Amino acid sequence: MITNDILADSQKYIMNTYGRQPLVLVKGRGTRVFDSDGREYIDFVSGVAVNNLGHCHPRVVVALQKQAQRLMHVSNHYHNEPQINLAKALVTHSFADKAFFCNSGTEAIEAAIKLARRYGREVLKEDRYEIITMRGSFHGRTLGALTATAQERFHKGFEPIVPGFRYVPFNDIKAVEAAVNEHTCAVLVEPIQGEGGVNVPSAGYLTKLREICDRNKLLLMLDEIQTGMGRTGKLYAYEHEGVLPDVAALAKGLGAGMPIGALLATDKAAQALTPGSHGSTFGGNPLACAAALASFETLIEDDIIVPAVELLGQHFLQGLDSLKKKYPFVKDVRGKGLLIGMELDFPGKDIVTSCLKEGLLINCTMDTVLRFMPPLIIAEEEIDKLLGTLDGIFAKK
Ligand SMILES: Cc1ncc(COP(=O)(O)O)c(C=O)c1O
């Protein structure tokens with residue numbers, strides 16, 4: 001099928017929920033993807049922070065092949081080894097004591113919301129159900145996660161949204177303190193806001209949130225869906241401040257391309273969910289867990305990938321900073337590791353299209369923030385290629 005026919009079928013048969021590029025991707029290897037016309041692109045999107053090990057990492061592919069021949073799915077009425085092994089690995093390398101598995105980021109957030117409410121009601125045995133979330137956040141598209149997302153533009157037309165959430169400005173500790181009341185059970189926050197424009201809070205923000213939570217018997221729940229799995233130069237972004245949460249939501253990079261989400265929790269928090277209180281048919285599916293385990297073990301065992309992220313990120317930020325000095329329409333450059341944003345004083349859509357024409361996939365969020373989330377295995381030369389291309393595009397502006 002030639003590309004135009006594929007695009008026509010896409011328009012005809014798929015619901016119109018995404019603003020898509022006219023590009024059909026058919027193959028991926030490492031940091032590169034290939035379209036239906038055989039063109040090659042360097043991928044600075046990574047399926048939105050998913051392909052942290054690059055596309056089709058051999059260890060993940062082999063794990064999937066082996067597992068697919070053995071057992072693809074069983075009900076959670078039974079145990080399965082890949083799920084147990086993945087839970088053990090995640091717990092061993094985090095703050096957590098227990099894991100719950102689901103299929104996406106938004107489901108991990110739903111699990112966090114349900115856990116927090118049950119914690120308030122069943123563990124603390126108080127009338128606590130309210131969750132504090134941050135302006136500019138993004139937590140997902142199902143109704144609970146959508147309501148946790150403190151951006152009204154995502155709620156429009158879907159009202160009534162779910163009660164029991166209180167929004168405060170991001171990076172504002174006093175606002176969190178003022179929002180706590182006798183009904184509050186948890187604070188939910190991204191260590192760095194991704195979709196909201198790559199917003200990095202001041203140093204000490206998570207530490208102070210931890211203190212507020214401890215003082216008020218609240219759960220500190222981190223949305224590490226975008227920042228986790230090495231993206232910011234540590235396995236989890238909370239490690240930068242050495243702050244331990246009670247709960248963390250994972251997805252995206254966890255499955256190396258297979259759909260999987262997880263909620264990690266301490267025993268204290270996890271006791272809130274009891275048999276029958278939550279579940280998922282596909283959650284912890286052996287196939288997804290085998291892929292996630294292969295990917296996670298690679299991240300843990302390889303002593304180069306995650307440590308290199310910090311250095312690659314610094315190189316990237318320095319290059320973008322030089323462009324900021326050169327072009328006054330670049331308002332800001334920010335980020336950590338390989339989660340990086342460049343804010344322009346005009347919409348970034350055309351820049352994304354120009355990069356595409358030059359064989360580079362980049363993303364734009366909040367209309368004006370170019371966002372870069374390449375695979376963690378990106379080479380410095382590939383970053384330089386992007387920097388040079390942006391320079392050329394900006395020079396014509
Ligand atoms: C921080 C954060 N939380 C939650 C989600 C929702 O994840 P999913 O699209 O897998 O439901 C996203 C997706 O972009 C995200 O970036």
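All values derive from a computational prediction rather than experimental measurement. Counting convention: from 1, in listed order, for ligands and their atoms alike. Only this structure's heavy atoms are used, side chains among them; waters, hydrogens and symmetry mates stay out.
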Q: Classify the angle between the aromatic ring planes of Phe282 and His73 as parallel (below 30°), tilted (30 to 60°) or perpendicular (above 60°).
A: perpendicular
Q) Among all protein non-hydrogen atoms, which one is nearest to atom 16 (O) of ligand 1, and what is the separation to 0.1 Å? A) Gln226 NE2, 2.7 Å
**Q.** Side chain, backbone, both or neither: the part of Glu190 lying under 4.0 Å from ligand 1 by heavy atom
**A.** side chain
**Q.** atom 11 (O) of ligand 1 - nearest protein heavy atom and its distance
**A.** Thr106 N, 2.8 Å
Q) Heavy atoms, side chains only, cut-off 4.5 Å: are Lys252 and Val48 in contact? A) yes
Q) Between Phe95 and Tyr238, how do the two ring planes meet: parallel, tilted or perpendicular, split at 30° and 60°? A) perpendicular
Q) How are the rings of Phe372 and Phe316 set relative to one another: parallel (under 30°), tilted (30 to 60°) or perpendicular (over 60°)? A) tilted
Q) For atom 10 (O) of ligand 1, which protein heavy atom lies nearest, and how many Å away is it? A) Gly105 N, 2.8 Å
Q: Number the atoms of ligand 1 from 1 as they appear, then name those within less than 4.0 Å of a heavy atom of Lys252, with their elements.
A: 12 (C), 13 (C), 14 (O), 15 (C), 16 (O)
Q) Can you find an N or O of Ile225 that's nearer than 3.5 Å to an N or O of ligand 1? A) no
Q) Are the side chain of Asn216 and the backbone N or O of Leu218 linked by a donor-acceptor pair below 3.5 Å? A) no
Q: Would you check if the side chain of Gln226 reaches a backbone N or O of Gln193 as a donor-acceptor pair within less than 3.5 Å?
A: no
Q | Side-chain (Ser46) to main-chain (Met373) donor-acceptor, under 3.5 angstrom | A | yes
(Q) Below 4.0 Å from ligand 1: does a non-hydrogen atom of Asp223 turn up there or not? (A) yes
Q: Report the part of Glu107 (side chain from C-beta onward, or backbone N, CA, C, O) that has a heavy atom under 4.0 Å from ligand 1; answer both or neither where that applies.
A: neither
Q: May I ask you to identify, for Glu195, whether its side chain, its backbone, both or neither come under 4.0 Å of ligand 1 on a heavy-atom basis?
A: side chain
